[in-house]
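Naming convention: chains lettered A, B, ... in sequence-line order (proteins, then strands); numbering from 1 in each chain.
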2 protein chains.
Amino acid sequence: MEKIRVLIVDDHPMVLEGMKALLSNFEYVTVTSTACNAYEAIDKLKAYPVDIAIVDINLPEVSGIELTAKIKKEFPAVKVLAMSTFKERSYISQMIQNGASGYLVKSASKDEIEAAIVSANEGKLYLSLDINTTDVNTESIPQIPVVSRREKEVLQLIVDGLTNPQIAEKLFISLHTVDSHRKNLLAKFNVSNTASLIRIAIKYNLVNT
Amino acid sequence: MEKIRVLIVDDHPMVLEGMKALLSNFEYVTVTSTACNAYEAIDKLKAYPVDIAIVDINLPEVSGIELTAKIKKEFPAVKVLAMSTFKERSYISQMIQNGASGYLVKSASKDEIEAAIVSANEGKLYLSLDINTTDVNTESIPQIPVVSRREKEVLQLIVDGLTNPQIAEKLFISLHTVDSHRKNLLAKFNVSNTASLIRIAIKYNLVNT
DNA sequence: GGTAAAATCCCCCGAAAGCGTGATTTTTTA
DNA sequence: TAAAAAATCACGCTTTCGGGGGATTTTACC
């Protein structure tokens, strides 16, 4: 039997290493390459063909969701396993809709990971157990708002501690525009101040810290 | 040869699991118990004697540094291995001064972890390789300011998105007092706005997110 | 090539945050 | 028990933030 070739995509080195270590326990799996962002992932896919790509949902710049769509478009044979960060479990259905073959929580056990990989490799759909159990009411899944590219930039600069005038100067736009973006962000995140905004942004890994 | 009994203390479930998985590769090591905070760690130590405690530096409420001191005081035979979060590597010397037998970055390889455990078990001092190399200039280690108990409370509420008036009401103190605490926090963190304050607080795990 | 979404710009105003500079009281600890 | 640290309260002032309205121009996509 040939080994299942795997690409791991995650911006957290720790997770990358951890997953690699876990996968090394399975003789029939080989981690062909790893990537820490979407662009690198595409490059690696071109250079080293794989059977399965394990993709973190929250990636910087281009999200795992977009990456999944791109992978399924350019490399339809590659199965995508979605993986979510520590606390949030959103976007799952979007990933599935984009063609993901399964979903893993990062706290998944060795057995769960094995099951996910085997399922994906066989073309089946795998979902982490606790999704089926605890998320019966799918509306309980926290909604991560869709943030546009520009909004993401502004958000990052807010987290970086810049004031609106500073952001305006940096992005070569009017203070009013920054203000609009900021207001839209507050509305989208459904919060009323910078503090909550930053907390959520960091929690859902929407910014670089 | 008897197995080395290990306790892992970390508030990140992922790290706990990852470390457990990694340690399971060593036949002569057994993870006796795990804990996600200092109190639980002490309880577990009383219930299940171990040889080595792997302690995360940044723990909620009681830090890993304080925990290390407590462990060395109450359980002098237990070797403590300090472990730091993803990006920061502070407090190391303090941990060592408090009796830690070594220091690990969380991104450490299997080999490094093995070396650390073996060293610690033999009573030697182990430091992650990249500490010796990259942190030659120890003054480059970011200083995490000492935050008093009350300040920590205020900080948590700021991160929770409360305004100063709300915090004052919640803590039954004057708005002026909250303002003072906030000002002291900004000064201690050497930042000039809430955004940066929260970013650092979360980065160094000084608050619950 | 039309339309929706994103990005841009504008104004007002009150509330909150931030800065400076104090002081007093309580608690901790050497 | 005395000194140090923490916690409390106070005032005036400036800047920024946040909420409420808008409007116009690019992009992106079907």
Counting primed atoms, P, OP1 and OP2 as sugar-phosphate and everything else as base, the B/S/- map of nucleotides 16-26 of chain D against protein heavy atoms under 4.0 Å is -SSBB------

Give a yes/no on whether any side-chain N or O of A:R150 is located under 4.0 angstrom from OP1 or OP2 of C:dT8. yes

When the distance from CG of B:N190 to C1' of C:dG18 is rounded to whole Å, what number comes out? 15 Å

Under a 4.0 Å threshold between the charged nitrogen and the carboxylate oxygen, would B:R182 count as salt-bridged to B:E151? no

Rounded to whole Å, please give me the gap between CG in A:L185 and P in C:dT8. 12 Å

Please check: side-chain N/O of B:N164 versus main-chain N/O of B:L175, any donor-acceptor pairing under 3.5 Å? no

Any side-chain N or O of A:T177 under 4.0 Å from OP1/OP2 of C:dC9? yes

Separation of A:R149 atom CZ from D:dT27 atom P, in whole Å? 12 Å

Distance col, row A:I52:CD1 vs A:L81:CG, nearest 0.5 angstrom, shows 5.5 Å

Euclidean distance, atom CZ of residue B:F189 to atom C1' of C:dG18 [Å, nearest integer]: 17 Å

Provide, to the nearest angstrom, the distance between the NZ atom belonging to A:K152 and the P atom belonging to C:dA6. 13 Å

Separation of B:L157 CG from B:E169 CD (nearest 0.5 Å): 12.0 Å

Quick one: side-chain contact (heavy atoms from CB on, under 4.5 Å) partners of B:K183, sequence neighbours excluded? B:D179

Would you give the length of the straight line joining atom OG1 of B:T30 to atom CD1 of B:I4, rounded to the nearest 0.5 angstrom? 10.5 Å

SB check A:K3 A:D51 (cutoff 4.0 Å): no

As a test of understanding, state which of A:L197, A:T194, A:V191 forms a side chain to side chain contact (heavy atoms under 4.5 Å, CB included) with A:L185. A:L197

Taken to the nearest whole Å, NE2/B:H181 to P/C:dT26 is 15 Å

What residues in residues 167-176 of chain B put a non-hydrogen atom under 4.0 Å from any atom of DNA chain D? B:I173, B:S174, B:H176

Any side-chain heavy-atom pair from A:I167 and A:I173 closer than 4.5 angstrom? no

